[in-house]
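Worksheet for the structure shown next.
Throughout, protein chains are lettered first and strands after them, A, B, ... in sequence-line order, and every chain is numbered starting at 1.
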Amino acid sequence: MKKIFFLLVTALCMQGAFAQEHGIFIISYPIAFPAGNLSDYISNTSFRGINLEFGKEVKPNLIAEIETGWNVFYQEQPDQVYTEGTASISGKQFRYTNSVPILAGAKWILKSKNNLVPYAGLGLGTMYSDRSTDFGLYRISTDAWQFCLRPELGITFKSRAGPSAMLGVKYYASFNSSDLDGQSFFTVNIGVVFPYGL
Amino acid sequence: MAIKLSRLLVILSLVLISGCYPNGAEFIDDIDLVYTNYSNQFGFSSKQTYAIPDSVIKITGDIFNDPDGDHKPSFLSASSAAVILDRINQNMLDYGWQRVSKNANPDVILLVSSVTTTNIYYYYDWWYWGWYYPGFYPGWGWYYPGYYPPYVTGYRSGSVLVQMVDAKAVAAGVESVPVVWTCILNGLAEGGTSSIAPRVQTGIDKAFAQSPYLKH
């Protein structure tokens, strides 16, 4: 929790530095679908999350940005037996994964003739994943900072000068680390784009 | 205006995030665990008879607790012991074992014990009084046994342990006994006998269900 608050406060302060430039602030709600090793552990879709991006226009149609967010994955595993060798243990498991991406990247605004403006983006950085399993009175936790690559595609709906709505798809490709295999997932984001400096 | 609104939204997101926590265990029996382990060198199918005492030992923190000087450890109450032992006997019978007295040369012996732990959470430190009397530093202990601060929160957890011992393998002069099957039930010891008894019985049934090698 502390790390996330620190990140958000940093993002908040950095926004002041961009005040004289043209840029965007995006806040969106991600619906996350686990992939790879994460989906072996938790297959449920995550409806708990938030995503924040700050971008600065460096050229017409090119925005440099930083992104952070938080996605919570949860699954209740019914009572079942887990066996390893001669030892067996049975009970209910409550599985949690908290994922926080911290990325820097760019967005390319693509040409459009009408109000719908598509964009494509690529980010890279790190993904912090915290996996906890509650089993009986015990909690088994592992966490990892993993290298993350994030391509995205989306569309903004611009009806007038000022904020516009956005809909996008992102794929967070996290790579294996020593403690955990890559915790990858993709998200569908619905949000608002706030331009500033215009 | 656009800048002020986005600052507000970042602050709002900080508030929203703190409320974003999914549920976990809701009922006491969500936290029950059953653990079993066995020796795969032991031929369970060739053993037919077992003996089991009529009482369940209560494990305490003492090395050897003999409160009334009768050379026996402390035991669980007869009614609580009956809940556990009857269920074990029923499962053994269902699996084709025959109960005999300890003097009738049983193949294995079952030993049952239980332990409860009360976990209390509180914090109290001499440093709290350092402003009043200079020289009280953090980390000092109590010198004179005094009252304990009221506890902030606590819970009781308990375990029932069942060990199956190879009665024929007790060699002369060897001071250890081989355990061929072990079972531990663990969970919250809250809620009174009427709530704990069915959970213990379910746990014993599960322990036998996950030990099919005991079946004849």
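- With chain B as the partner, the residue from A:Gly91, A:Gly136, A:Gly162, A:Ser88 showing the most heavy-atom pairs under 4.5 Å is A:Ser88.
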Tell me, with the steps shown, if A:Phe94 and B:Asp30 meet side-chain contact (heavy atoms from CB on, under 4.5 Å).
CA-CA 9 Å; A:Phe94 298 90; B:Asp30 284 348; 3.9 Å; yes
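- Between chain A and the options B:Leu33, B:Asp29, B:Asn40, heavy-atom pairs under 4.5 Å are most frequent for B:Leu33.
- One finds the CD atom of B:Glu26 at 7.0 Å from the CD atom of A:Glu76 (value rounded to the nearest 0.5 Å).
- Every residue two or more places apart in sequence or in another chain was checked for a salt bridge (charged side-chain N to carboxylate O under 4.0 Å, His left out) with A:Asp181, and none qualifies.
- Side-chain contact check for A:Thr86 and B:Asn37: at least one donor-acceptor pair (N or O, by modelled atom type) lies under 3.5 Å.
- Comparing A:Thr83, A:Leu137, A:Asp134, A:Val192 by heavy-atom pairs within less than 4.5 Å of chain B, the highest count is held by A:Leu137.
- Counting heavy atoms of neighbouring residues, nucleotides and ligands inside a 6.0 Å radius, atom CD of A:Glu84 does not exceed 12 of them.
- Looking at B:Ala209, there are no atoms closer than 4.5 Å to chain A (heavy atoms on both sides), in backbone or side chain.
- Only the side chain of A:Tyr138 comes within contact range of chain B, with at least one heavy atom under 4.5 Å from a heavy atom of that chain.
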Step by step, would you call B:Asp32 with A:Lys92 a salt bridge (charged side-chain N to carboxylate O under 4.0 Å, His left out)?
CA-CA 8 Å; B:Asp32 291 345; A:Lys92 257 189 168 167; over 6 Å; no
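- Listed for the B:Tyr38 side chain is no donor-acceptor partner under 3.5 Å among the backbone atoms of A:Ala87.
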